[in-house]
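Data block below; observations after.
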Amino acid sequence: MNIQTGERVLTELDRVRLASIASRGSRARLLRSRGLDAVLDDALVVPSRRVASDIVTMYSEVLLRFVDDGIERKLTLCYPGDAEPQSGFVSVLSPIGLSLLGQQVGAVVRWVCPDGSERTGEVTAILFQPEASGDYTT
C-alpha cells in the first residue's frame, strides 16, 4: 500500500465504529466529534487485514515524543468509555487522541490542549497494534 506523507489510514472497522460515535450522542460529544468527521471524510480506508503495522489504529499503544521537551510517553488510543488519561489511555475524541488516529510512525502531530496551549509530538514507535497481532475485531 502506498501512503502519501501526512495521509491518515483507518481500518474499515475503526471507520464504522467511529462514524457511529460521530453520529450519536450529546451536543458536547457532537462538538468534539467535528474534528473526527473531517478525519473520517479524508482518511484512506483499508481492510483490517491490510493495514500496515506502522499505522496508529484503535487500541494501538504508541510511543510519542513531545517535541518541546523531548519526553517520551506511552499512550494507548481508545474509545471514550475506556479513557484513563493518567494511565496513558487517551480517548480518540480528545485533541491528542484525534491527532494520533491513523498516523504513521514518524508522523509529527499537533493538537490544542484544553487550556489552549499547543503541543507537538512525533510518533516514534508503535509498541502494539491489534491488527499486527492478528486481532481484527477489537
Side-chain angles (χ1 to χ4, degrees):
M1 167 179 16
N2 286 339
I3 300 172
Q4 296 178 13
T5 302
E7 183 173 33
R8 292 189 197 226
V9 178
L10 299 178
T11 67
E12 291 171 341
L13 181 59
D14 286 351
R15 181 170 191 317
V16 166
R17 288 179 174 167
L18 292 168
S20 176
I21 288 172
S23 69
R24 67 174 199 263
S26 69
R27 180 167 162 35
R29 179 178 287 155
L30 289 174
L31 289 173
R32 286 192 308 261
S33 74
R34 284 189 181 150
L36 178 59
D37 287 338
V39 171
L40 295 175
D41 289 343
D42 296 338
L44 173 65
V45 179
V46 300
S48 295
R49 293 181 185 275
R50 295 200 49 225
V51 70
S53 60
D54 65 344
I55 300 293
V56 180
T57 62
M58 293 303 298
Y59 291 100
S60 289
E61 184 179 320
V62 304
L63 192 58
L64 185 70
R65 184 182 58 79
F66 292 88
V67 173
D68 58 346
D69 58 17
I71 293 174
E72 288 189 317
R73 183 150 182 230
K74 287 186 217 176
L75 300 173
T76 300
L77 185 63
C78 65
Y79 293 104
D82 295 331
E84 294 182 23
Q86 319 82 310
S87 301
F89 285 81
V90 295
S91 168
V92 68
L93 294 184
S94 69
I96 191 171
L98 190 57
S99 74
L100 290 170
L101 178 64
Q103 297 288 355
Q104 189 172 26
V105 170
V108 174
V109 298
R110 292 174 179 79
W111 66 96
V112 177
C113 298
D115 67 4
S117 64
E118 293 184 21
R119 299 290 309 259
T120 303
E122 179 184 357
V123 179
T124 59
I126 294 184
L127 305 174
F128 173 78
Q129 182 205 63
E131 294 81 5
S133 69
D135 181 352
Y136 304 108
T137 61
T138 297

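Just so it is clear, the structure is predicted and the values come from calculations on it, not from any experiment.
With values rounded to the nearest 0.5 angstrom, E12 atom CD is found 9.5 Å from R50 atom CZ. Residue I126 holds its CD1 atom at 10.5 Å from CD of E61, rounded to the nearest 0.5 Å. Atom OG of S48 and atom CZ of R15 lie 13.5 Å apart (nearest 0.5 Å). We find the CD-CZ distance between E72 and F66 to be 10.0 Å, quoted to the nearest 0.5 Å.
Put simply, the side chain of D14 gets close to the backbone of M58: a donor and an acceptor are under 3.5 Å apart. Between the Q129 side chain and the A132 main chain, a donor and an acceptor come within less than 3.5 Å of each other. Using a distance-only test at 3.5 Å, with no hydrogens or angles considered, a donor-acceptor pair links the side chain of T124 to the main chain of L63. Between the side chain of S91 and the main chain of L93, a donor-acceptor pair closer than 3.5 Å is present.
Of all heavy-atom pairs between Q86 and R73, the closest is O-NH2, 4.1 Å. Between G35 and L98, the shortest heavy-atom contact is C-CD2, 3.5 Å. Contact between P80 and I21 at its shortest, heavy atoms only, is CD-CD1, 4.2 Å. Heavy-atom minimum distance, S99 versus Q103: O-CG, 3.2 Å.
You'll find the side chain of I55 stays beyond 4.5 Å of the side chain of E131, heavy atoms only. Within the 4.5 Å cutoff, side-chain heavy atoms of T57 are placed close to those of P130.
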Please test Q104 against V123 for side-chain contact (heavy atoms from CB on, under 4.5 Å), starting from the C-alpha separation and ending with a verdict.
CA-CA 7 Å; Q104 189 172 26; V123 179; over 6 Å; no
Determine, stepwise, if the pair D68 / T120 fulfils side-chain contact (heavy atoms from CB on, under 4.5 Å).
CA-CA 7 Å; D68 58 346; T120 303; over 6 Å; no
Test side chain to side chain donor-acceptor pair (under 3.5 Å) on D82 and Y59; report intermediate values, then the result.
CA-CA 10 Å; D82 295 331; Y59 291 100; 2.2 Å; yes
Determine whether D69 and R119 satisfy the following criterion, side-chain contact (heavy atoms from CB on, under 4.5 Å), listing intermediate values before the conclusion.
CA-CA 10 Å; D69 58 17; R119 299 290 309 259; 4.0 Å; yes
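Residue L77 is not grouped with residue V108 when hydrophobic side chains (ILVMFWY) are merged at heavy-atom distances under 4.5 angstrom, including chains of intermediate members. A continuous path of hydrophobic side-chain contacts links W111 to L101 [ILVMFWY only; heavy atoms under 4.5 Å]. Grouping the Ile, Leu, Val, Met, Phe, Trp and Tyr side chains by contacts below 4.5 angstrom, directly or via other members, places F89 apart from V62. When the side chains of ILVMFWY residues are joined at heavy-atom separations under 4.5 Å, either directly or via intervening members, V45 and L40 end up in two distinct hydrophobic clusters. By the criterion of side-chain heavy atoms lying less than 4.5 angstrom apart, applied directly or through intervening Ile, Leu, Val, Met, Phe, Trp or Tyr residues, L64 is grouped together with V39 in one hydrophobic cluster.
The environment of Y79 atom OH is dense: over 12 non-hydrogen atoms of other residues, nucleotides or ligands sit within 6.0 angstrom.
Between the side chains of D135 and S133, no donor-acceptor pair of N or O atoms lies under 3.5 Å.
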